[in-house]
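Below, chains carry the letters A, B, ... as their sequence lines are ordered, and counting in each starts from 1.
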Amino acid sequence: MKILVGYKRVVDYNVRIQVKPDGSGVVTEGVKLSANPFDEIALEEALRLREKGIATDVVVATIGPADCQAHLRNGLAMGANRAIHVVTSEAIQPLTAARTLLKLIEKEQPDLVILGKQAIDDDCNQTGQMLAALWNRPQATFASKVEISGSTAKVTREVDAGLETIEIDLPAVITTDLRLNEPRFTKLPDIMKAKSKPLESIPLESLGVESGDSLKTTAYAAPPKRSKGVMVKDVAELVALLKTKGLV
Amino acid sequence: MESRQLIDRRHLDFVLDEVLGVDDLCRYARFAEHSRETFGAALSLAQQIALDKFLPHNRKSDLNEPHMVDGKVVLIAEIGEAVAAFCEAGFSAVLADAGRGGMQLPFVVAAAADGMFCSANAATIAYPTLARAAANLLEVYASEEQKRLYMQPILEGRYFGTMCLSEPQAGSSLADLKTTASPRDDGSYAISGAKMWISAGDHELGENIVHLVLARIEGAPAGVRGISLFIVPRWRVNADGSRGARNDVTLAGLNHKMGQRGSVNTFLKFGESGDCAGYLVGTAHQGLAQMFHMMNEERIGVGLSAIQQAAIGYQYSLDYARERRQGRHPDQKDPSTPALALIEHADVRRMLLQQKCYVEGGQMLAYDAALLVDRQHDPDDSVRRDSAALLELLTPIVKAWLSDYALRANDLAIQIFGGYGYTRDYPVEQCYRDNRINPIHEGTNGIQALDLLGRKALMHDGAALKILAARIAASCAEAAAIAELAPLSRQLGQALVLVRDTTQAVAARLGQGEVRLALANAGHYLHLLGHVVVAWGWLRMAVTAQRALAAGNADSAFYQGKVQACRHFFAAELPQVELAAKLVASAEASAYDMRDSWF
């Protein structure tokens, strides 16, 4: 079984995001970039399926600028067999990402695609769903447990009401939630081994993907600072205040 | 506070990549498989494990000291989990040859990785790094058989190790050590004696502990020339590598320390029942030289660990100064105006900038020295020779200056936290306590100062100092070409003249046989030369930063911070060398002449 894993590079989750003074974006110069945490979970799940003997080939893929190579090497060091780098200097939106991944699916013919449920930079939570629709295959999003038997996958999903377990036919798209697993630490010798693993670079324009980017960003701004609160002496005063502010 | 910002990776990358250009090492055969990418990946891994596995139990292990139950040491479980993560990731073998399963990383990159663990938890990191130091020593001096039995399991993270030098009556003074080794028929030795202050001397983290013990073979000459080095395993090891019977090493007690409480410190007895097996490493009577072979690297490790603990204290206090609101400007009397963030106050900014100067300048010096270790792989003879000489000279400074000024930085961090900083509800008091050992161990700072002035500065007719002076002069010439830095370049040039004159004055006094008086102010000399080399580091960082600014780098605040800190060091710190120089050159003798009965 072959698994394709989406592995996006984002600003590290512990970095305090700063908006550029001219509002044209967020500051990325000198900022630590790392793998989208949901994608690390996706890769970990794929590696565990390989270790269980269910999968044989784990391919990590990213869509990003030329300097994403080091990022993909991290995925290879963590254990992926191969990496595919779709090179573009432009930031792309979910529909374009899904169309691009579909091209990779056509090329690689995976039995399973595992993506993070969302990336922590734009929090879109759309690519997995769009990809399943374009591919015309089942999807199981927000997975917190995955069991593969034969050509089906039993997936426990985290939904608003609690947990929901569904069974889907493979090939399919699974998107990961936080509780699916805890990704491993890389090992130093594997950093060296990753250097000789195959990493294929494909220019985005060579894939013939029609852009789905339809959103225009007009400006970035930091959220307004929380204003100072007031102390109330009892519930009655609280209720009165909420009423005068028209909140209840 | 977000834990990842507790480690200033941006500054680390700046020093390693932009100022020192460590990827230059990849042209050496030993590091040919490496690239900036593999260095970066190793550092990121260290950062991740340090923050995820070492930092979270730093306070808990301070509050839950190791204790003894039925003669065994009990540690909190998190220490074992962190050490296991470190070993499983391969950090035990980070320097070792690829052929032995190692990463074969340059020393400077490995030191930078270690530094992140030191910031996160200086106590827990002691266990695996002591083991690695023992393995490094065995790599150089042990037989192949000894390497197989005792070193390889350390590299694999299965065995741990210690350095057993001090005894209750012989701490700094190793010439007085009494532990004995009597030859036995099978070629091994029976070890008998007691060893004090042994870090990680007993615990259950691994399968075995390899004690490296200094002892005297019966009939050996007195003093340091009669000391030999022995492998003394906690459990004997069979020829096939399996674990044999318990060796006669007993845990006689624990020492209860001010800081770094998570790293167990022990009093060990060897051969109480007359059956402690020890195995000679290399040739007899060479023990001290063998031990000191590793000392340069160990002492860089101490300095770096100290400054990394200063670094995290700096980050804590910087964050606090930005959040905490107190008081108003001296000319702002209206109490209805909102209170200012601490960082708005001039004196708080001074305390932050002073920390930045010590921390980042100290790190620069530590990495620069560590890079000299790697220069031993340079194909060019003269590069190897000069680097070795310079490393000898800088080592006591790295150990002593960094550990002294790291404490000052921690002191300032506590001050910024005010009353809260004095409580155990905030982390900075622990930083200070944990850090207080560093001026003491691995050769006290007083001993480092004697080593610097009594040996290193004057050895081979001051050859090492001349190499240093030439390099500083070259950096000054570079800085002189940049208008903003030209005055600083001149100032450092003048300080260099002061170093030369002061050193010559000491040499003259030594020539007249006044050894004790000439060396009486060695501590001031270390302060003098320490400030000059740290100023040199700051000037090089400022040159790099100024060039990035001139090139229009978008991260201008980062680079401006470097230039500003450099200015501060030259304005508020470097002028202090004049007093130090005067005290040393004139052999100021008020302390030297003081008498016991006058106290």
**Message:** Suppose we call two aromatic rings close when their centres sit under 6.0 Å apart. Are His11(B) and Phe558(B) close by that rule?
**Reply:** no

**Ring center gap for Phe86(B) and Phe117(B) short of 6.0 angstrom** = yes

**Asked** Which region of Lys20(A), side chain (C-beta onward) or backbone (N, CA, C, O), has a non-hydrogen atom less than 4.5 Å from a non-hydrogen atom of chain B, or is it both or neither?
**Response** neither

For [X], is it the side chain, the backbone, both, or neither that has a heavy atom closer than 4.5 Å to a heavy atom of chain A?
X: Ile49(B); value: both
X: Glu37(B); value: side chain
X: Ala46(B); value: neither
X: Phe14(B); value: neither

**Message:** Does this structure show an ion pair linking Asp67(A) with Arg9(A), if we count only N-O contacts that are shorter than 4.0 Å?
**Reply:** yes

**Prompt:** Is any NZ, NE, NH1 or NH2 atom of the basic residue among Glu200(A) and Lys107(A) found under 4.0 Å from an Asp or Glu carboxylate oxygen of the other?
**Reply:** yes

**Item:** Pair Phe38(A)-Lys8(A), side-chain contact (heavy atoms from CB on, under 4.5 Å): steps then yes or no
**Value:** CA-CA 9 Å; Phe38(A) 292 103; Lys8(A) 186 178 182 181; over 6 Å; no

